[in-house]
Amino acid sequence: MMTGNPNQVLVDLDKCIGCWACTHVCPAELITFADNDRQRTLRFARTCSEDCIRCAEVCPEEVITLAPTTEIAPEGEYLTATFDLLRCQQCDAPFTTERIVNKLLALIPQEFQADAEELSWVRLCPNCRQLTEGEKVAKEWIMSRWRGG
Amino acid sequence: MTQPSLIPTICPYCGVGCGLYIVVEDGRPVGLEYMPEHPVSEGSLCPKGNAVLEILDHPERLCHPMRKANGGWKHISWLEALDLVSQKIGQVRQAYGPDALGFLASAKCTNEENYAFQKLARLLGTHNVDHCARLCHAPTVVGLARAFGSGAMTNPIPDLANADCFFIIGSNLAENHAPVARWVLKAKEKGARVIVADPRLTPTAWLADTFLPIRPGSDVALLNGMIHVIVEEGLTDRAFIAQRTSGFDELVKAIQDYTPDYAAHITGVPPALIVEAARAYAKASSAAIVYCMGITQHTTGSDNVAACANLALICGQVGRPGAGLWPLRGQNNVQGACDMGALAEFYPGYQQINDPAAREKFAHAWGGELGTEPGLTVVEMMNAAAAGEIKVMYIMGENPLLSDPNSGHVRQALEALDFLLVQDIFLTETAQLADVVLPQLADVVLPAAAWAEKEGTFTSTGRRVQWSHRAIAPPGEALDDLWVIGQVAQRLGLDFDYSGAGAVLSEINQLVPSYGGIAPQRVAETMGGLVWPCPEADHAGTPILHTEAFATPDGRARIVPVHYTPPAEGTSAGFPLVLTTGRVAVHHNAGSMTRRSPSLMKRAPELFVEINPSDAAQLGIAQGEAVSITTARGGTTAKARVTDKVESGAAFMPFHFSGTNQLTIDALDTEAKIPEFKVAAVRLRPEPGPELVEGLVEGVSKEE
Amino acid sequence: MMSKLIYTDLERCIYCWACEVACQREHNDLSNMSVVLVEDRFAVPLSCRHCEKAPCVTACYTEALIPTEDGTISFDAAKCTGCGLCVFACPFGVIGFDWTGKVIHQCDLCAGRLVEGKPPACVITCPTQALSYGEYEAFTQEAKRRAALAMVRAMPPQAKVS
């Protein structure tokens with residue numbers, strides 16, 4: 001049932017990084033994501049009838065534009081985008097998209113991307129980051145006790 | 001909207017007895033607040049204490065009396081339930097005599113409730129009243145009482161900060177009595193030395209300066225070995241021995257053969273470490289022995305406790321700040337349930353059943369005839385039920401189907417009863433078997449109030465009697481155990497007319513000398529409660545025992561030599577590994593409360609078995625895989641944890657989950673009647689999977 | 001540095017998870033504390049470090065995560081879009097995602113308790129006083145005092161140096 005002015009949902013798939021922001025925010029749940037072992041699939045309805053622009057507002061990369069339209073796409077017709085998931089270097093579990101990781105690598109200063117032993121935490125999933133930090137901290141602690149005696 | 005109030009209660013889980021506030025708003029428990037002014041916990045709480053709210057509004061709380069009908073449960077009214085229950089008890093008592101009745105009291109209920117419960121049983125004519133202390137510290141109650149005249153912790157928990165040496169044996173206090181670790185650490189900060197003896201490298205062992213990896217069941221050999229070193233090297237406290245003990249000479253003769261090498265041979269602990277531990281303990285100015293299930297849950301439990309006492313006595317390490325024995329009691333009120341006489345061989349206050357003077361005193365006070373012989377203990381009651389001698393059991397706040405050894409036999413026993421009444425907050429395994437295909441066990445289930453829904457006193461492991469206040473009402477039609485016991489008693493012709501917990505405590509004040517001064521108003525208003533003995537109204541309580549004299553007739557402690565005896569079940573070709581059992585931090589005993597707490601289950605969701613990597617490799621068992629574990633009594637499945645925490649030849653399983661006690665043996669210590677939970681011979685196989693023909697692992701075999 | 005943070009004395013952590021369960025109860029059933037176990041022997045409690053140049057702040061484009069004057073990182077759920085970028089920007093993996101509320105969650109040093117003069121829940125609940133809340137100087141002084149006492153004792157035989 002149509003309520004507001006229909007909008008065509010336009011997504012710049014080259015710039016989309018496959019994060020979750022827009023998937024949470026649509027009142028009609030027209031944007032969803034699903035992960036499998038290898039990929040994340042984002043699905044956008046091609047038109048929406050809601051009188052809101054929340055998805056466009058929350059996008060970190062500003063890839064969504066909503067253009068008024070008279071052509072309403074048939075229900076069940078989606079714009080689909082797939083993103084390769086990066087697998088954790090330690091446990092091999094898929095944890096986020098390659099594009100998100102690349103964005104973070106560009107954002108975060110180089111000197112923070114690896115610890116003293118040149119291990120890059122960026123390619124580890126959050127769980128393994130915790131374990132790695134735990135191991136590092138434990139080792140430091142043992143070393144300090146050895147120095148003591 | 002009323003202002004939220006903070007109601008002070010005592011944690012319902014373990015014997016440390018930490019204080020915490022329940023935040024109540026409009027009669028509902030909305031939060032928990034810490035109690036930094038509590039003398040033992042100082043505001044801390046272990047993960048279980050932090051999760052207590054999860055059992056209060058739990059959807060599985062029993063809310064109505066129920067009786068078994070047509071393969072299911074039928075809600076009945078309290079009137080109908082109480083009438084039915086008293087009828088059954090009365091009928092059986094009439095037809096078969098009162099010893100056809102069996103009563104299991106609750107280490108989780110208040111002192112007042114346990115007192116009333118054992119009074120009910122005894123006035124009905126039977127001393128078949130016992131409780132789970134039988135499964136944990138019965139050797140302490142019996143063995144330490146024989147040595148010191150009193151079977152309780154000698155010094156308070158905070159006093160641990162005054163020790164400069166700790167000998168922690170058979171206790172995983174870091175996981176199971178966490179605030180105790182706080183006080184050990186305070187002592188460590190001042191330079192105290194910590195020695196831990198355990199078959200596993202537990203978090204408690206992490207606190208150790210010296211770790212003794214001891215084989216399960218070899219404790220007497222270790223302790224006698226240490227005593228041998230101390231005697232040989234002249235490190236005994238001769239003045240103390242001469243003035244305050246008796247029996248030293250016999251001990252010297254008895255430990256002749258327990259050289260460090262011999263002790264090493266039995267225990268698996270390197271001789272040098274035995275010598276080191278012995279010297280450290282004896283030379284310390286104040287040394288503490290902390291022990292728990294690793295010492296008690298054996299067929300030699302009483303001997304193990306006696307050996308600990310002997311070690312302390314010959315070194316004069318008793319009766320002073322920082323020097324003593326700290327047996328860590330498990331349940332929040334197991335100490336109290338024992339103090340209140342919920343034991344087959346004792347009246348309240350440890351006055352013996354077969355002591356005519358005690359019998360006369362209680363018969364007079366209670367206005368009824370009392371039997372002369374001690375009754376049956378927990379495991380003995382199960383055996384009697386299986387044999388048809390006990391026909392009715394009244395079980396309050398206990399879950400023997402999960403907690404007792406040899407579950408297969410327990411189930412048979414409970415099924416053989418004519419009538420089983422269970423009074424609890426949840427429909428436990430005893431009340432209802434977990435497997436839905438099998439018939440449910442209890443005939444009538446009565447819904448009880450949880451700790452925060454009633455008031456009364458609980459006695460912690462430190463002899464600390466504390467009043468816990470009522471924060472909220474119980475759910476549905478649940479009522480507090482004291483009321484229920486009173487109602488049953490009245491219907492059976494007994495004059496039980498208590499206005500509340502306070503009235504019962506006042507009666508206890510009259511009959512139990514060590515509780516003489518622990519009056520209701522006084523204890524309710526004292527942060528941290530009162531430490532018994534507290535015989536008079538103005539007595540401050542007694543933190544440290546045996547300072548001047550021991551509680552024996554001649555005031556001297558008794559040194560009773562004991563010899564090493566191997567555990568009841570040794571390994572064999574078919575069952576080559578030694579299984580030992582124990583606990584984990586986020587679960588508590590039978591798990592009826594913790595296994596219903598989501599935040600705790602999340603962290604320890606299922607039964608596991610710890611197995612050493614070399615044994616795992618030989619048996620083809622991988623981390624996280626399902627393993628089948630079998631003993632002569634039965635089998636179960638668990639998830640494999642391959643870890644070097646356990647030595648090769650050993651395995652460990654927690655007993656919070658159904659299954660572990662299918663495996664354990666019900667062989668008993670002859671004096672204390674505690675079962676040997678800590679040693680069973682097992683075999684492990686990956687499951688499903690072909691049985692491995694070769695690859696049987698060298699285990700610890702029964703030594704001559 | 002004037003900031004008050006949570007510090008850990010690893011000598012004392014006994015891997016009991018009291019801090020995690022407490023944190024979960026105080027924060028809508030989501031724990032911001034995570035205790036990891038290294039080699040079955042060393043327990044390390046981990047939570048938001050309130051880093052000086054926090055990558056999570058850099059990644060956050062709505063200023064839901066911002067550094068504050070008292071040297072901590074604060075989180076405003078109202079501004080959070082649930083994009084998840086900060087979760088993967090955190091080097092220590094200690095930012096969690098709340099799938100019910102569709103926002104992240106991070107250690108807020110129990111701000112609600114602090115205003116009432118109460119210490120963070122994990123700190124007060126820790127049975128062995130392994131966690132403390134305060135300024136770096138005070139913590140290092142206490143740590144040095146404890147370490148000095150520890151130095152006079154022998155190493156436990158099990159510690160491995162790999």
Side-chain angles (χ1 to χ4, degrees), chain A residues 17-25 33 40 54-55 57-62 86 88 95-97 99-101 103-109 111-115 119-149, chain C residues 8-11 13 34-39 41-47 49 51 53-62 79-97 99 101-104 143 147-156 158-162:
Chain A
I17 57 173
C19 78
W20 300 319
C22 59
T23 70
H24 302 312
V25 93
F33 83 92
R40 173 167 298 164
R54 282 178 229 182
C55 58
E57 284 177 323
V58 298
C59 178
E61 304 300 289
E62 294 174 350
L86 183 68
C88 173
F95 70 100
T96 193
T97 69
R99 289 195 187 179
I100 287 175
V101 169
K103 177 185 168 84
L104 293 174
L105 286 170
L107 257 183
I108 297 165
E111 61 264 29
F112 294 147
Q113 289 180 24
D115 63 19
L119 292 170
S120 177
W121 51 265
V122 186
R123 298 193 176 277
L124 298 180
C125 70
N127 248 353
C128 290
R129 290 179 193 179
Q130 284 188 13
L131 289 169
T132 304
E133 180 62 15
E135 276 161 15
K136 173 171 149 224
V137 166
K139 196 187 280 192
E140 273 169 14
W141 173 57
I142 300 166
M143 295 301 274
S144 75
R145 292 197 79 206
W146 262 128
R147 277 199 295 272
Chain C
T8 313
D9 181 347
L10 292 176
E11 182 86 35
C13 180
S34 174
V35 189
V36 299
L37 190 63
V38 179
E39 290 190 18
R41 276 162 186 65
F42 306 105
V44 183
L46 296 168
S47 57
R49 298 277 176 82
C51 307
K53 292 182 187 146
C56 61
V57 169
T58 312
C60 184
Y61 59 100
T62 59
K79 295 187 178 155
C80 179
T81 63
C83 68
L85 289 177
C86 61
V87 174
F88 304 104
C90 175
F92 312 107
V94 289
I95 297 184
F97 198 83
W99 286 99
K102 316 272 207 226
V103 291
I104 61 106
L149 287 165
M151 277 178 190
V152 305
R153 284 194 301 277
M155 265 297 268
Q158 281 62 243
K160 291 193 232 174
V161 183
S162 44

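Here is how names work: the chains are called A, B, and so on, in the same order as the sequence lines, proteins then strands, and each is numbered from 1. Computed over heavy atoms, backbone and side chain alike; hydrogens, waters and symmetry mates excluded.
Here the shortest heavy-atom pairing between C:L37 and A:L131 reads O-CD2, 4.5 Å. The minimum heavy-atom distance between C:V36 and A:G134, with the atom names listed, is CG2-CA, 3.9 Å. A pairwise comparison of heavy atoms in C:Y61 and A:A21 identifies OH-CB, 3.8 Å as the closest pair. Scanning both residues, C:W99 and A:H24, for their nearest heavy atoms gives CZ3-CE1, 4.0 Å. Nearest heavy-atom pair, A:L107 versus C:A59, reported as atom, atom and distance to 0.1 Å: CD1-CA, 3.8 Å. Nearest heavy atoms, A:A138 versus C:F42: CB-CB, 3.9 Å.
For C:L46, the part lying near chain A is the side chain, with the backbone staying farther off; criterion is any non-hydrogen pair under 4.5 Å. Proximity to chain C (any heavy atom under 4.5 Å) is restricted, for A:C59, to the backbone atoms N, CA, C and O. For A:V58, the parts sitting under 4.5 Å from any heavy atom of chain C are the backbone and the side chain alike. For C:V35, no part lies under 4.5 angstrom from a heavy atom of chain A. At a 4.5 Å heavy-atom cutoff, the contact between A:L104 and chain C is made by side-chain atoms alone. If you measure heavy-atom distances from A:L124 to chain C, you find no contacts under 4.5 Å at all.
Using a 4.5 Å cut-off on side-chain heavy atoms (C-beta onward), A:T96 and C:V87 make no contact. Between C:E11 and A:W141 there is a side-chain heavy-atom pair separated by less than 4.5 Å.
With chain C as partner, the option from A:C128, A:C19, A:C22, A:P60 having the largest number of non-hydrogen pairs under 4.5 angstrom is A:P60. Contact count versus chain A (heavy atoms, under 4.5 Å) is highest, among C:G93, C:C83, C:A89, for C:C83. Highest contact tally toward chain A, considering only C:L10, C:T58, C:V44, is held by C:L10 [criterion: heavy-atom pairs under 4.5 Å].
Side-chain atoms of A:R129 come within 3.5 Å of backbone atoms of C:F88 as a donor-acceptor pair (strictly under, hydrogens ignored).
To the nearest 0.5 Å, atom CD1 of residue A:I142 and atom CD of residue C:E39 are 7.0 Å apart.
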